Q: 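I'd like to ask some things about the structure below.
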Amino acid sequence: MTSFEEARRIILEKTAPAGVERVQLLDAVGRIIAADFAAPCDMPRWDNSAMDGYAVRSADCTPGATLTVTDFIPAGVSSDDAVKPGCAARIMTGAPIPQGADAVVPFEDTEAGVGTLMLLHQVRKNDHIRFKGEDVAKGEPALSRGTLIGAPQVSALASFAHLLVPVYRKVRVAILSTGDELVDVGIAPAESEIVNSNTPALAAAIKLCGAEPVILGIARDNRESHLALISEGLKADVLITSAGVSAGDHDLVRETLAALGVEEQFWKIGIKPGGPTAFGLKGSTPVFSLPGNPVSTLITFEEFVRPALLKMMGHTKVLRRTVPGFLKSEVRKKPGKLNFLRVHVTVEDGRYLVSTSGDQNTGILKTMLRANALALLPADRTEFPAGAQVELQILDPTLEMEE
Ligand code: AMP
Ligand code: MG
């Protein structure tokens with residue numbers, strides 16, 4: 001049996017960014033830039049005014065002095081006329097500083113006359129000027145490879161009119177559910193049949209990682225069906241199978257994968273739920289075989305598949321940070337396996353207080369629906385008294401938000 005940490009280590013060691021593509025600026029949002037981006041020119045491109053006011057020669061500007069207004073420079077216009085001694089140019093925010101001027105005086109620091117202004121305060125050289133290249137100088141690294149593209153990054157790229165962005169490509173993730181008992185969503189299940197909820201659940205989880213789900217359908221519990229659909233699935237960047245990976249009579253996933261040249265890296269992890277999970281590689285294509293219980297499927301996706309998909313799409317931070325929480329009431333478990341306890345966390349006085357979100361049986365999806373975090377209960381421990389500190393993975397980002 002492979003430990004949780006070892007399983008994750010193997011998976012992350014065997015996965016690598018899938019490739020690079022160039023996409024339109026807005027299609028790059030939420031993705032990882034795949035190359036350093038150096039500023040192609042200075043930003044700002046010229047010295048410009050940081051205020052609406054007057055461009056002046058600071059040497060002229062003793063408090064109480066009067067200057068003659070000889071020019072007007074709105075934003076988007078540059079003036080060819082130099083500001084002469086004793087003069088000022090009316091200038092709007094963002095407009096280029098004219099020759100001769102070395103400071104800007106905001107309107108509120110002046111008293112306007114007819115064609116003149118009077119200075120109310122001391123003016124120093126460089127006041128209220130934004131200098132060429134002061135944000136980013138030409139050639140300076142503006143974004144480094146590995147950065148997640150959000151609105152500030154789009155702002156930077158757009159300001160240089162950089163419209164095609166190299167990003168790590170989205171991975172295509174094939175999903176195969178297996179089992180004779182399954183019917184697809186939309187078909188009324190007969191008695192003893194169940195709806196294939198794992199395919200849409202996995203597709204949702206894949207989308208939330210920013211990857212692209214490819215739905216293969218349902219493999220029936222016979223070799224031909226498994227062979228046909230698993231072969232198809234191996235054409236994607238990643239294959240996920242659900243169910244048929246335990247020790248049941250019809251559990252054909254592992255043998256079919258082996259027959260198709262997938263090299264199993266491990267089977268069975270010391271965790272609960274999700275123990276029977278297998279991981280294999282066909283060349284560099286990762287194959288995750290997740291158990292069929294919907295709760296186990298979701299948790300093993302979260303713990304093993306999600307980090308791998310993020311890594312394949314160029315993310316460098318792929319594991320959820322764990323944070324300490326404190327149990328509101330006692331919890332017990334059997335020794336031997338790491339347990340993922342589905343919990344409901346509240347924030348009180350800046351501390352995470354943890355209650356179980358219900359029956360921890362793997363058949364109970366409701367407990368997953370009520371959970372906003374997972375508590376990781378170490379394999380070797382069995383008793384966790386009220387008040388005990390546990391490690392939490394926060395699943396619901398709204399936990400940190402206010403109503
Ligand atoms: P297995 O891993 O094949 O032993 O399946 C474990 C449990 O998960 C059984 O109760 C299955 O009916 C259920 N199950 C398997 N596949 C799916 C699926 N695609 N959607 C929902 N439940 C499933
Ligand atoms: Mg089955």
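Small disclaimer: the values here were computed from a predicted structure and weren't measured. For ligands, and for the atoms within them, numbers begin at 1 and follow the listed sequence.
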Q: Do any N/O atoms on G292 end up under 3.5 angstrom from N/O atoms on ligand 1?
A: yes

Q: At a 4.0 Å threshold, what atoms of ligand 1 neighbour a non-hydrogen atom of V195?
A: 20 (N), 21 (C)

Q: Would you check the N or O atoms of G244, main chain and side chain alike, for any that come under 3.5 Å of an N or O of ligand 1?
A: yes

Q: N/O to N/O below 3.5 Å, does that happen between E181 and ligand 1?
A: yes

Q: When rounded to the nearest 0.5 angstrom, what distance separates CE in M51 from CG in D127?
A: 10.5 Å

Q: Donor-acceptor check, side chain of T116 to backbone of L67, threshold 3.5 angstrom: yes or no?
A: no

Q: For ligand 1, is any non-hydrogen atom under 4.0 Å from A243's backbone (N, CA, C, O), its side chain (CB onward), both, or neither?
A: both

Q: Check for a donor-acceptor pair, side chain of K328 on one end and backbone N or O of V345 on the other, with a separation under 3.5 Å.
A: no

Q: What are the atoms of ligand 1, with element, lying closer than 4.0 Å to any heavy atom of N196?
A: 18 (C), 19 (N), 20 (N)

Q: Decide if atom CG of N361 counts as having more than 12 heavy atoms of other residues, nucleotides or ligands within a radius under 6.0 Å.
A: yes

Q: Would you please classify the geometry between the F279 ring and the F288 ring as parallel, tilted or perpendicular, with 30° and 60° separating the classes?
A: tilted

Q: Using a strict 4.0 Å cut-off to heavy atoms of S177, name the atoms of ligand 1 that fall inside it.
A: 19 (N)

Q: For F326, enumerate each residue passing the ring-ring contact (aromatic ring centres under 6.0 Å, His included) test, keeping only those at least two apart in sequence or located in another chain.
A: none

Q: Need the ligand 1 atom indices (1-based, order shown) with element for anything under 4.0 Å from a heavy-atom of S197.
A: 20 (N), 21 (C)

Q: In terms of relative ring orientation, are F340 and F4 parallel, tilted or perpendicular, with 30° and 60° separating the classes?
A: perpendicular

Q: Take every heavy atom of T199, measure it against each atom of ligand 1, and state whether any distance is under 4.0 Å.
A: no

Q: Taking only heavy atoms of P294, which atoms of ligand 1 are found under 4.0 Å from at least one of them?
A: 21 (C), 22 (N)

Q: Quick one: does ligand 1 sit under 4.0 Å from the side chain of L182, the backbone, both or neither, non-hydrogen atoms only?
A: side chain

Q: Could you say whether the N/O atoms of N198 and ligand 1 ever approach to under 3.5 Å?
A: yes

Q: Under the side-chain contact (heavy atoms from CB on, under 4.5 Å) criterion, do T147 and Q153 qualify, and how do the steps go?
A: CA-CA 9 Å; T147 302; Q153 289 70 30; 3.9 Å; yes

